[in-house]
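Worksheet for the structure shown next.
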Amino acid sequence: MAEHAAQTRQFPLGAGILFGLALGGFFDGIVLHQILQWHHMVTSAGYPPDSVENLKVNTFFDGLFHAATYIFLVLGLVALWAAGRQARLIWSGRIVIGAILIGFGLFNLVEGVIDHQILGLHHVNETVPRDQWIYWDMGFLAWGAAMLVGGLRLVRRAR
């Protein structure tokens, strides 16, 4: 019995966080960049979407952004695969969802602070008047913080 318990582990938190980072990036890129077209990767960095040439530049950088989020997904799968091969995993729904929320929230916070505020590459919703961009950016950060806190609480409760 003790031997069986030693070979049983909880869901790998790092894999879930990587999945959350990927989902955060895919949501941003697919929903905000492509479907709603509120911004692209470098629309506030001198490439507004007002010409075909600028859209080509933005499409290229959007593609690099998607490639990075794809890498998060692959790394999450590798981490999950490695953990699953080493020991029997206990799949706690709270830990899985909590870890994904942590990753998604971290994505929003890091991307929101670095790309929106520090570098000014783009802002969440550039279709509204410029003086309103900050409200959308702060909402994005609040949404990320809420997911991070919610994810941490779920993981803590599950453990």
Side-chain angles (χ1 to χ4, degrees), residues 11-81 91-159:
F11 179 84
L13 195 60
I17 291 171
L18 286 164
F19 288 136
L21 288 167
L23 290 173
F26 287 137
F27 178 87
D28 188 306
I30 293 167
V31 176
L32 302 182
H33 293 210
Q34 295 173 328
I35 296 172
L36 297 174
Q37 297 179 26
W38 283 359
H39 67 265
H40 295 283
M41 203 59 213
V42 292
T43 49
S44 289
Y47 300 95
D50 58 3
S51 71
V52 172
E53 190 58 38
N54 283 355
L55 283 174
K56 284 182 181 181
V57 170
N58 275 292
T59 300
F60 173 74
F61 283 102
D62 285 353
L64 291 178
F65 174 76
H66 280 108
T69 58
Y70 193 83
I71 290 169
F72 287 137
L73 177 66
V74 170
L75 291 174
L77 286 170
V78 168
L80 180 60
W81 180 266
W91 288 80
S92 163
R94 284 185 178 177
I95 290 179
V96 173
I97 292 169
I100 289 171
L101 285 172
I102 290 169
F104 203 129
L106 283 172
F107 170 85
N108 277 19
L109 291 171
V110 171
E111 201 264 341
V113 169
I114 293 173
D115 290 346
H116 304 168
Q117 303 308 311
I118 295 173
L119 299 176
L121 296 177
H122 63 265
H123 298 274
V124 173
N125 187 350
E126 295 178 355
T127 66
V128 299
R130 190 178 193 93
D131 63 337
Q132 295 177 15
W133 290 4
I134 189 68
Y135 302 118
W136 289 91
D137 289 353
M138 292 300 111
F140 189 79
L141 291 172
W143 177 33
M147 285 190 288
L148 177 61
V149 169
L152 289 169
R153 286 183 178 169
L154 277 174
V155 168
R156 190 176 325 121
R157 286 182 190 159
R159 288 186 170 173

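For reference, positions follow the sequence shown, starting with 1.
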Would L154 and I95 count as a side chain to side chain contact (heavy atoms under 4.5 Å, CB included) if you check the C-alpha gap in whole Å, the side-chain angles of each, and the deciding distance to 0.1 Å?
CA-CA 6 Å; L154 277 174; I95 290 179; over 6 Å; no
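- At a threshold of 4.5 Å between non-hydrogen side-chain atoms, the residues L32 and H39 count as touching.
- Residue M147 comes nearest to F104 through the heavy atom pair CE-CD2, 3.1 Å, listed as atom of the first residue, atom of the second, then distance.
- Under the side-chain contact (heavy atoms from CB on, under 4.5 Å) test applied with L148, the options L109, N108, L101 reduce to a single match, L109.
- For the pair A79 and A15, the tightest heavy-atom approach, listed with the atom from each and the gap, is CB-CB, 3.9 Å.
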Start with the C-alpha gap between F26 and L73, add the side-chain angles, then the distance that decides, and say whether side chain to side chain contact (heavy atoms under 4.5 Å, CB included) holds.
CA-CA 10 Å; F26 287 137; L73 177 66; 4.3 Å; yes
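- Proximity of H116 to F140: side-chain heavy atoms (C-beta onward) are separated by under 4.5 Å at one or more points.
- Taken from CZ in F61 to NE2 in H40, the straight-line distance is 14.0 Å, to the nearest 0.5 Å.
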Trace of the side chain to side chain contact (heavy atoms under 4.5 Å, CB included) decision for V74 with I71:
CA-CA 5 Å; V74 170; I71 290 169; 5.6 Å; no
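- Relative ring orientation between F65 and H33 is described as parallel, the plane-to-plane angle staying below 30° on a 0-90° scale split at 30° and 60°.
- I35 places a side-chain heavy atom less than 4.5 Å from the side chain of I30.
- When all heavy atoms of H123 and S44 are compared, the pair lying nearest together is CD2-OG, 3.4 Å.
- Between the side chain of N125 and the backbone N or O of W38, no donor-acceptor pair lies under 3.5 Å.
- To the nearest 0.5 Å, atoms CD1 (I17) and CZ (F107) are separated by 15.5 Å.
- Residues G25 and T69 come closest through the heavy atom pair CA-CG2, 3.3 Å.
- The closest side-chain heavy-atom distance from V124 to Y135 is not below 4.5 Å.
- Between V57 and M41 the shortest side-chain heavy-atom distance does not fall below 4.5 Å.
- Looking only at side-chain heavy atoms (C-beta outward), I102 and L152 come within less than 4.5 Å of each other.
- The main-chain N or O of V31 is never found under 3.5 Å from a side-chain atom of Q34 such that the two would form a donor-acceptor pair.
- Inter-residue side-chain proximity for F19 and F72 is flagged as unmet; no heavy-atom pair is nearer than 4.5 Å.
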Evaluate the criterion side chain to side chain contact (heavy atoms under 4.5 Å, CB included) for residue pair L13 and V155; output intermediate values, then yes/no.
CA-CA 9 Å; L13 195 60; V155 168; 3.8 Å; yes
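- Taken from CG in N58 to CD in E53, the straight-line distance is 10.5 Å, to the nearest 0.5 Å.
- Here the closest heavy-atom approach between residue L80 and residue P12 is recorded as CD1-CG, 4.0 Å.
- Side-chain atoms of D137 and Q117, non-hydrogen and from C-beta on, do get closer than 4.5 Å to each other.
- Checking H122 against E111 by side-chain atom types alone, a donor-acceptor pair falls below 3.5 Å.
- With 3.5 Å as the limit, one finds a donor-acceptor pair spanning the side chains of D50 and N54.
- Distance CE/M138 to CG/L141: 5.0 Å, rounded to 0.5 Å.
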